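Written below as structure tokens is the structure these notes are about.
As a basis for the values below, the full set of heavy atoms in this structure was taken, side chains included, without hydrogen atoms, waters or symmetry mates. Note that the structure is predicted; figures quoted are calculated from it, not measured.
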Amino acid sequence: MILCTAINHCICDGIGTSQFLHAWAHVITKPTLDLRILPFHSRHVLKPRDPPQVTHTHLGYTKTTFKDNNIHVDINQYLQSQPLVPTSFTFTSAHILRLKRRCIPSLKCTTFEALASHTWRSWVRSLDLSTTFKVKLLFSVNVRKKLIPEIPQGYYGNGFVLACTETAVKDLVTSKLHHGIKLIQQAKSSLTDGHVRSMIDLLEDKNVKTDICSSLVISQWAKLGLEDLDFGQGKPLHMGPLTSDIYCLFLPVAGNFDAVKVQVSVPECVVEKFEYYMMDGLDEEENGEQNGFI
């Protein structure tokens, strides 16, 4: 059985989508039992202030332009103008552990932080950008528990924001994983109640657009529980989008909770380099460990 859904992001985020699909599966398989989590539809908990109070700087919505021999460079426009090739990489728990070990000096980090830093760095390296360019990473962060008071359980709308960090190409590609991980952690920790509410007020201005001209965008689907959906025929063999885009997705791997699938489309002319940078040394290290070399 193949189940396809199309859900408008104006209605809900990934957590809301997962909640809806799990409720749907629950009604089908356990019709006599109450839902474990009831939907909370009161959107007013995230309404903007009146008047709006934009009290923080929001890097993800700041237009950045670069000059290369006086020519404006828009990475996103370049990507969209090229024939794109979908790529997909499955990182096992062993792969992820090796990535974390590559973080020198050592830094305690999550799987998402290590994998996001690695993917961002590999993506930038494959595009052969000028070392003086500044590049951004935009990634979704659930803020349901970051606000004061916390958003009630079951909130069905968009309870996330796009965190953003920025660095020069040279610093990202020459500093290994540590630099990117540190930037990601700082971007996450900056999302206080005041910062998030300032962003909500900023987005009331419909002229404000997400700055994607120099950005890789990562959306985290890997820990939404979608791999556990059961409509009465068992858990899914695969969960993911029908198509691939320049926006990067972290997806769950059926039957392997600790693994993450990274999916993103890149220009055909750089796909081999991107694939090389993404998996460089990881499988060799695995073979070495199996043979007792590491």
Side-chain angles (χ1 to χ4, degrees), residues 9 13 54 56-68 71-82 84 87 103 107 109-110 112-143 158 160-192 195-196 198-200 202-203 205 207-221 245-250 262-267 270 273-274 277-278:
H9 223 319
D13 58 11
V54 183
H56 292 68
T57 299
H58 300 288
L59 194 61
Y61 301 93
T62 304
K63 189 71 175 179
T64 302
T65 58
F66 305 118
K67 297 288 184 177
D68 186 4
I71 300 175
H72 170 65
V73 177
D74 186 327
I75 299 173
N76 180 66
Q77 190 177 57
Y78 163 73
L79 294 175
Q80 298 283 17
S81 69
Q82 300 291 309
L84 296 174
T87 65
C103 181
L107 182 65
C109 61
T110 66
F112 174 82
E113 290 162 357
L115 201 49
S117 175
H118 175 64
T119 303
W120 185 27
R121 183 169 178 265
S122 299
W123 182 78
V124 169
R125 292 175 76 188
S126 69
L127 293 177
D128 286 330
L129 301 172
S130 168
T131 58
T132 59
F133 284 178
K134 286 195 173 182
V135 288
K136 294 180 180 179
L137 176 68
L138 293 165
F139 57 97
S140 55
V141 176
N142 176 22
V143 297
N158 283 291
F160 82 100
V161 298
L162 284 176
C164 180
T165 188
E166 181 182 49
T167 187
V169 168
K170 180 180 179 181
D171 294 334
L172 183 64
V173 302
T174 61
S175 302
K176 298 194 180 296
L177 288 186
H178 183 276
H179 181 67
I181 291 173
K182 196 70 176 176
L183 290 174
I184 292 167
Q185 291 178 340
Q186 291 170 351
K188 289 168 65 176
S189 64
S190 72
L191 294 176
T192 60
H195 191 114
V196 172
S198 173
M199 191 180 297
I200 292 171
L202 173 72
L203 294 176
D205 181 351
N207 293 318
V208 170
K209 302 295 183 183
T210 308
D211 180 13
I212 58 173
C213 75
S214 60
S215 308
L216 175 66
V217 182
I218 296 179
S219 186
Q220 166 73 300
W221 291 19
D245 204 340
I246 61 172
Y247 304 109
C248 181
L249 297 177
F250 285 7
V262 176
Q263 180 173 305
V264 64
S265 288
V266 297
V270 305
K273 284 191 293 183
F274 181 63
Y277 289 133
M278 284 292 282

- prompt: Is T132 close to K170 at the side-chain level, that is, under 4.5 Å between some pair of heavy atoms?
  reply: no
task: List the steps, then state whether side-chain contact (heavy atoms from CB on, under 4.5 Å) holds for W123 with I75.
output: CA-CA 12 Å; W123 182 78; I75 299 173; 4.0 Å; yes
message: Are T165 and Q186 packed together at the side-chain level, in the sense that at least one heavy-atom pair is separated by less than 4.5 angstrom?
response: no
- request: Search all heavy atoms of I184 against all heavy atoms of S117 and return the closest pair with its distance.
  value: CD1-N, 3.6 Å
task: Please confirm whether the backbone N or O of L84 pairs with a side-chain atom of S265, one donor and one acceptor, at under 3.5 Å?
output: no
query: Checking side chain to side chain contact (heavy atoms under 4.5 Å, CB included) against L79, which of D245, L127, L216 comes through?
result: L127
For S140 against Q220, the heavy-atom pair lying closest together: OG-N, 3.5 Å
With T167, the side-chain hydrogen bond (donor to acceptor under 3.5 Å, both in side chains) member among K136, H179, K134: H179
message: Rounded to the nearest 0.5 Å, what separates atom OG in S219 from atom CD in Q263?
response: 11.5 Å
message: Looking at N158 and F160, would you say the former's side chain and the latter's main chain have a donor-acceptor pair under 3.5 Å?
response: no
query: Measuring from S214:OG to E166:CD, what's the distance to the nearest 0.5 Å?
result: 6.5 Å
message: For the backbone of A187 and the side chain of S190, can you confirm whether one donor and one acceptor N or O come within less than 3.5 Å of each other?
response: yes
task: Look up atom CG in D171 and atom CZ in R121, then write down how far apart they are to the nearest 0.5 Å.
output: 12.0 Å
field: Nearest-0.5 Å distance that lies between atom CG in L191 and atom CG in L162
entry: 10.0 Å
- prompt: Got C248 and V262 here, is their nearest side-chain heavy-atom distance under 4.5 Å?
  reply: yes
Closest contact, heavy atoms only, Q185 versus E113: NE2-OE1, 3.0 Å
- request: Working to the nearest 0.5 Å, report the span between CD1 of I181 and OG1 of T110.
  value: 8.0 Å
message: Main chain of V264, side chain of T87: is a donor-acceptor contact present, judged purely on distance under 3.5 Å?
response: yes
task: State, yes or no, whether a side-chain contact exists between Q77 and Q80 at a heavy-atom distance under 4.5 Å.
output: no
- prompt: For K273, does the NZ atom have more than 12 heavy-atom neighbours from other residues, nucleotides or ligands under 6.0 Å away?
  reply: yes
- prompt: What heavy-atom pair brings G180 and L172 nearest, and what distance separates the two atoms?
  reply: CA-CD1, 4.3 Å
message: Taking V270's backbone N and O only, do any of them form a donor-acceptor pair with S126's side chain (distance below 3.5 Å, no angle check)?
response: no
field: Name of the residue among F250, Y247, W120, F112 meeting ring pair (Phe, Tyr, Trp, His ring centres under 6.0 Å) with F139
entry: F112
field: Closest contact, heavy atoms only, H178 versus C103
entry: CA-SG, 3.7 Å
field: K188, NZ atom: more than 12 neighbouring heavy atoms under 6.0 Å
entry: yes
Spacing of L202 atom CG and H56 atom NE2 [to the nearest 0.5 Å]: 12.0 Å
